[in-house]
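See structure below.
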Amino acid sequence: MAAIAFGCSSFALLRAKQNDAAPEPLLCAQNFSLLRLKQSLRSCASPAWWRSIGVPRASVEVVDDRLIEREEKENVKVLRVGVICGGPSAERGISLNSARSVLDHIQGGDIHVNCYYIDPDLNAFAISPAQVYSNTPADFDFKLASLAQGFESLSNFAEHLAASVDIVFPVIHGKFGEDGGIQELLEKYNIPFVGTGSSECCQAFDKYNASLELSRQGFITVPSCLIQGSEADESELSKWFARNQLDPTSGKVVVKPTRAGSSIGVTVAYGLADSLSKANAIITEGIDSRVLVEIFLEGGSEFTAIVLDVGSGLDCHPVVLLPSEVELQFHGSVDVTEKDAIFNYRRKYLPTQQVAYHTPPHFPIDVIESIQEGASRLFQKLGLRDFARIDGWFLPQSIHVTSSSDSKFGRTEMGTILFTDINLISGMEQTSFLFQQASKVGFSHSNILRSIIRHACVRYPNLASFGSVSDYAPRRSKTSLLNEAVHNCKGTRKVFVIFGGDSSERQVSLISGTNVWLNLQAFDDLEVIPCLLAPTTGDSSNEVDVSSRTVWSLPYSLVLRHTTEEVLDACTEAIEPDRVALTSHLRNRVVQNLMEGLKKHSWFTGFDITDEPPVKLTVEQWIKLAKEAQATVFLAVHGGIGEDGTLQSLLEAEGIPHTGPGVMASKICMDKLATSLALKHLSDLGVLTINKDLRRKEDLLSMRIGNVWHDLISKLQCETICVKPARDGCSTGVARLCCVGDLSVYVKALEDCVLRIPPNSLSKAHGTIEMPNPPPELLIFEPFINTDNIIVSKNENGHQILWSGQSRWVEITVGVIGKQGSMRSLSPSITVRESGDILSLEEKFQGGTGINLTPPPSSIISNEALQRCKRRIEIIANTLELEGFSRIDAFVNVDSGEVLIIEVNTVPGMTPSTVLIHQVFPLKLFLFGVENYFASNNYCFEFAIGNSTGTFCFCILLEKNM
């Protein structure tokens, strides 16, 4: 069985079935909105057949040679939802992530999604899923005019929405999304929307106004001082410092914009002068003209709580889910300012071991219940609707907060509760607080999002029918390995998704595995089991017998974490009796409160997440279960034993199919020197390799740094060097060294086993360099390849790409898919660095950071050179005997299409914004001569509509003869 994927508005899957007549040539519409597969589909027209091949909540049928949606055939009422993302805030990248998540989890069946984007200048566009799956808005800002439908004004945009959608789901974070801007526009044109109204948003979004209102409503608030205007007023702030007994030279405060969300521009200041300086910076940088200075809540614990309204009609019935405690953690020696850090933008949205979440919090039960009571009361008092996230602090009894009234809400016997931030449009990334907390009480991603939307429909008379009975039935998630369904459930195929491990890319692995697991669940005929390969303890990972290492089979809610360490801690907590009893008590209470409201809504068809404990296994036991279940293993373990052939060898020894290349190809590609040697003979074909010098860490530590540096530049014949681990992942420990001092800093980092090299520690400006832990034993030094900076800039004529083109080399990353010996190249992406000379871990894998230009603009590389580049990429893939899917990083000469190989990743990142998904969208199958490929094997096509990531992952699985 063979499969290949291509992009259209909904993404598609082609699945080959042998022993049938060959299909007629494939026809592809210009906008990829529909594929018509004629004779080969006539025999497969029943809805039951579509469900049998794993169509994820799709509603399609073949009638008179046409593929049509069920709405057209059966007149099923489909709710048209307009998802609006972007906006002028610095959080527009996170907004794009939220939109992607919403699209993935509600599209299909009785809901159809249209996507829209607001740029920083408040211009509105109708965009395709291809743009939603971009890494950042900067990936497509410069080409919106040619790729998207623009609107002359916001008024025209609103008129379009009124005619094209039934309800709007705004996912714009910060300005214009949570301040009432988009809501006011929608209200003016009587367009139904999810969430709180404009006037209530305006009040709640402004931190100062919200604080005043909270105080009026009887809540304890954090003492604060408002600074506004073109420049901070020193006299007023000085008086405030004195009133609150703060040292004017060192008193610790938090400085934040009043109207910029909960993360942007928030910082800690020390003393009056530092506070004024940071307040003025917020004002002069244009973040906000109003700045709030608050007392730093020393010794407190931060929490956040999702509130869900389950009331009917105009009655508000807010239920607070299980709150989460936000614990900042610091490893090793850190300075004072680091220990005084706050839950900022990076800690909130990027995977880091500096923060851990506990749901429910490690607070006394009375405190947790008081938080729930207070958040519910606040939701009602401020007139919020549908859902919101409310942040606050719990201060132990030993810490006193001044208040004008002792009767205010928030005082408990154990301490004080303060509410500080109201988030009207909570982040909706896959592991966000919304989904973490919802899963704890029984909601899957799809179920909670659909419930929020259906609840919003009830407010609008013209949407009453959508707020009644829904034909959507949530499919109960099955995640435990020991669930009887793994062995006994007939008609389903088992997929074990494994992620985690020891490498420095284990956090990216968690994001990849979570994304694959969530999206494959959309296919009814798959039973998908998420599994964590636990990190080994200490520095002895190489000495541990792989078969005795630990694998955890995870229930739904425990997967939704930011780091593997956090998942591991959650597994330990989940089997601790006292913690289990507390969580069960709180969960049952929340579920009871939810059902009091939800039972009145006919659209709610039940919870779909069960409360199961994690299961601890050895690798040997896990492989045995996979064999018994006849499962396919989806490998998402980046680096280490997941990518060096170790896991592949264990699986193949037991006959268990797995994704990606086999043992030998994995071994070669994991070793950057071996990869280079395997390709060295291809220079005549335009495939070039970079000279390398291999060094042992112990030699670097024992030799004089000056001698090492001079030896390196002499051997490599260069003045600037790139250093990287020889056998680690593609992103950690990679640095540009320009002088002997840089080498000294890098070697010192290896010696001290630091987790990261801080920004600008080397002679040339750079961002944070994440380091492997433990440090690599072997390192590769190679000449640093100079490429011209590519800048996506903005002027009065819009966005444009600036590139000098002097060196004629650009860096690309490209996916390859297919069978061994016949691998095909996807459309390459040009990678653009936001800072420094080396792409950071975040820029490569984390949505909302980094820029990828897909496909490469013709202003940089011609189509002829691009096609030569793709042919050479395919030569590389087939020479290395790759199969399934992999990713190749390289430099390409924009004139000749020659390829200078960097490395090959056999377990590439599959994060929600992975460049692989974006590369598939513009792929036209006939460019690959695919009809000949399938026809020669007497295959027929099967077509499925679903979310893009899930379909791509399903396509990968089909390569393993599932």
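Judged purely by distance below 3.5 Å, without hydrogens or angles, the side chains of N515 and T911 never pair a donor atom with an acceptor atom. A donor-acceptor contact closer than 3.5 angstrom is absent between the side chains of Q919 and S827. For S134 and Q131, the side-chain atoms include no donor-acceptor pair closer than 3.5 Å. Remark: the T514 side chain and the Q430 side chain contain no N/O donor-acceptor pair separated by less than 3.5 Å. No hydrogens or angles considered: a donor-acceptor pair under 3.5 Å links the side chains of N97 and R100.
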Salt bridge (charged side-chain N to carboxylate O under 4.0 Å, His left out), that's the test. Do R587 and D611 meet it? Break it down for me. CA-CA 10 Å; R587 180 191 299 111; D611 178 27; 2.8 Å; yes
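Annotation: F443 is in aromatic contact with F607 [ring centroid separation under 6.0 Å].
Here the side chain of R259 pairs no donor or acceptor atom with the backbone of G174 at under 3.5 angstrom. In this structure a side-chain-to-backbone donor-acceptor pair under 3.5 Å is present from E566 to Y357. In this structure a side-chain-to-backbone donor-acceptor pair under 3.5 Å is present from H455 to G311. In terms of modelled atom types and a separation under 3.5 Å, the side chain of S512 and the main chain of V508 share a donor-acceptor contact. Not one N or O on the side chain of D179 forms a donor-acceptor pair closer than 3.5 Å with the backbone of A260. Between the side chain of D206 and the backbone N or O of Q203, no donor-acceptor pair lies under 3.5 Å. Put simply, the side chain of E178 never gets that close to the backbone of H173: no donor and acceptor are under 3.5 Å apart. In terms of modelled atom types and a separation under 3.5 Å, the side chain of S101 and the main chain of S98 share no donor-acceptor contact. Formation of a donor-acceptor pair under 3.5 Å by the D309 side chain with backbone atoms of H317 is found in this model. With hydrogens and angles disregarded, no donor-acceptor distance shorter than 3.5 Å links the side chain of N423 to the backbone of I425.
S164 meets the side chain to side chain contact (heavy atoms under 4.5 Å, CB included) test with Y116, H160; sequence neighbours excluded. Residues satisfying the ring pair (Phe, Tyr, Trp, His ring centres under 6.0 Å) test with H445, not counting sequence neighbours, are H105, F435, Y556. Applying the ring pair (Phe, Tyr, Trp, His ring centres under 6.0 Å) rule to F140 yields the partners Y117; only residues at least two apart in sequence or on another chain are considered. In this view, S324 and T304, T359, F433, Q436, Q437 satisfy the side chain to side chain contact (heavy atoms under 4.5 Å, CB included) rule, not counting sequence neighbours. In this structure F169 satisfies the ring pair (Phe, Tyr, Trp, His ring centres under 6.0 Å) test with no other residue, sequence neighbours excluded.
For E184, the CD atom sits in a loose shell: 12 or fewer heavy atoms of surrounding residues, nucleotides or ligands are nearer than 6.0 Å.
Salt-bridge check for R389 with D421: failed, with every basic side-chain N at 4.0 Å or more from each acidic carboxylate O. Note on D110 versus R450: salt bridge recorded, some NZ/NE/NH1/NH2 to OD/OE distance being below 4.0 Å.
One finds the CZ atom of R454 at 9.5 Å from the CD1 atom of I167 (value rounded to the nearest 0.5 Å).
Among residue pairs with one or both ends in residues 160-173, those qualifying as salt bridge (charged side-chain N to carboxylate O under 4.0 Å, His left out) are R80-D166; sequence neighbours excluded.
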